[in-house]
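Worksheet: the structure to be examined is printed underneath.
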2 protein chains.
Amino acid sequence: MFQVPTKTQYAIRALVHLALKESDSAAKIAEAQMISPKYLEGILNQLKLAGIVTSDRGRSGGYRLAKSSEQIRMIDVVQATEGAIRPVDCVDNRSVCVMGATCIPRKFWIGLKTAVDDYLSSVTLKDLAGDTFVQIGKE
Amino acid sequence: MFQVPTKTQYAIRALVHLALKESDSAAKIAEAQMISPKYLEGILNQLKLAGIVTSDRGRSGGYRLAKSSEQIRMIDVVQATEGAIRPVDCVDNRSVCVMGATCIPRKFWIGLKTAVDDYLSSVTLKDLAGDTFVQIGKE
DNA sequence: CGATATTCCTATTATTCCGATAGGAATTGG
DNA sequence: CCAATTCCTATCGGAATAATAGGAATATCG
């Protein structure tokens with residue numbers, strides 16, 4: 001459950017890479033992070049549309065972070081690649097619930113969404129790329 | 001993202017139903033909850049294998065909760081239908097990570113798993129089926 | 001100016017998972 | 001015995017995901 005799509009995993013890996021390397025081309029990132037190059041291109045484009053990275057075309061072009069890494073929250077990355085967190089459809093819109101007013105679990109799902117949103121909002125790219133998180137990550 | 005499979009949604013609806021109705025057949029539950037009957041059969045069987053419900057076969061058989069509703073945590077239900085919460089494979093097993101020791105995001109995913117697990121562990125079936133949650137659920 | 005490295009755009013394919021269906025065997029109460 | 005039920009296994013269709021392919025647009029550098 002809650003398997004995170006590779007698209008999002010790739011996006012995060014690419015961003016950590018950019019946080020550490022300043023600027024790089026899609027092909028270079030893909031090689032370093034072992035991601036299908038063409039697939040990564042599309043992902044980086046989504047991140048660009050979301051205002052998370054910027055790009056320069058042409059020779060010696062490439063991608064870089066659009067903001068400092070502590071301004072990039074993980075929830076922004078997830079939303080850029082996958083859209084809003086929505087465990088069940090009726091979380092956003094009660095009217096779509098087949099059970100209508102008798103949908104008892106709805107509050108429960110809203111609570112789950114909140115728990116996930118809160119966590120993703122609390123972690124920034126800096127937390128992942130910075131020393132602190134790397135230290136914690138060691139075993 | 002984090003779309004919860006209908007299987008799990010159905011399981012929870014069925015359990016709420018049983019918490020309120022004491023005992024019922026798969027067909028009856030399916031009708032009341034608007035779930036495909038045959039599909040629900042399989043789900044109830046999974047819940048039985050997980051020790052969440054019991055069943056009686058034969059005429060006038062059916063399903064009932066195996067424990068009191070406050071002893072049934074939502075995380076048990078989710079695990080019964082979907083297995084463990086595992087946002088990415090390496091959460092359980094570092095060795096499967098293609099990035100090996102350089103997998104910086106792993107700690108982040110473990111944090112996400114923890115956030116979800118904690119929430120699901122904190123809510124019981126009684127919270128959903130009982131008066132409290134219903135009151136809260138009203139708008 | 002021309003070659004090259006890049007982003008950008010669109011379409012297509014492959015694969016996997018999910019939801020549902022189907023048919024029937026086993027069981028049990030009346 | 002009959003009818004209602006759980007239980008078991010196989011299969012199918014569709015949607016979403018992952019990846020691939022080809023090339024157009026753009027910019028740099030010699």
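Here the structure is a predicted model, which is why all the values come from computation and not from measurement. First the proteins, then the strands, lettered A, B, ... as listed; each starts at 1.
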- prompt: With a 3.5 Å cut-off and no angle check, do the side chains of B:Gln46 and B:Lys7 form a donor-acceptor pair?
  reply: yes
field: Residue pair B:Gln71 / B:Ser68, side-chain donor-acceptor N/O under 3.5 Å
entry: yes
If we only count heavy atoms from C-beta on, is the [X] to [Y] side-chain gap below 4.5 Å?
X	Y	answer
B:Leu125	A:Phe108	no
A:Val123	A:Arg73	no
B:Ile85	B:Leu120	yes

- prompt: How would you list, by chain and number, every residue that makes a side-chain hydrogen bond (donor to acceptor under 3.5 Å, both in side chains) with A:Ser25, sequence neighbours excluded?
  reply: none
- request: May I ask you to list the residues of residues 56-69 of chain B, by number, that have any heavy atom positioned under 4.0 Å from an atom of DNA chain C?
  value: B:Arg57, B:Gly58, B:Arg59, B:Ser60
Within residues 39-51 of chain A, residues whose heavy atoms come under 4.0 Å of DNA chain C: A:Glu41, A:Asn45, A:Lys48
Donor-acceptor pair, side chain of B:Thr8 and main chain of B:Val4, under 3.5 angstrom: no
query: Base, sugar-phosphate alone, or nothing: which one does A:Ala27 contact when heavy atoms must sit under 4.0 Å apart?
result: nothing
task: Tell me whether the centres of the aromatic rings in A:Tyr119 and B:Tyr119 are closer together than 6.0 Å.
output: no
- request: Enumerate, in order of first residue number, the stems that involve DNA chain C, defined as 3 or more consecutive Watson-Crick or G-U wobble pairs with both distances under 3.5 Å.
  value: C:1-30 with D:1-30
Specify the closest pair of heavy atoms between [X] and [Y], including all atoms of both residues, with the distance to one decimal.
X	Y	answer
B:Gly51	B:Lys67	O-CE, 3.6 Å
A:Arg13	A:Gln33	NH2-O, 2.6 Å
B:Ala26	B:Glu41	CB-CG, 4.0 Å

- prompt: Going from CD1 on A:Ile72 to CG on A:Asp127, what distance comes out if it is rounded to the nearest 0.5 angstrom?
  reply: 12.0 Å
- prompt: For B:Thr54, which residues count as a side-chain contact (heavy atoms from CB on, under 4.5 Å) partner, sequence neighbours excluded?
  reply: B:Arg64, B:Ala66
- prompt: Where does the chain B footprint on DNA chain D start and end, counting 5' to 3' with a 4.0 Å heavy-atom cut-off?
  reply: D:dA3 to D:dC8
message: Taking only side-chain N and O atoms of A:Ser55, does any of them lie within less than 4.0 angstrom of OP1 or OP2 on C:dT6?
response: no
query: OP1 or OP2 of C:dG19 sitting under 4.0 Å from any side-chain N/O of B:Tyr10?
result: no
message: Please compare B:Lys28 and A:Ile35 by the position of their nearest nucleotide in DNA chain D and report the one closer to 5'.
response: B:Lys28
message: Tell me the interatomic distance from B:Glu82, atom CD, to C:dG19, atom C1', rounded to whole angstroms.
response: 13 Å
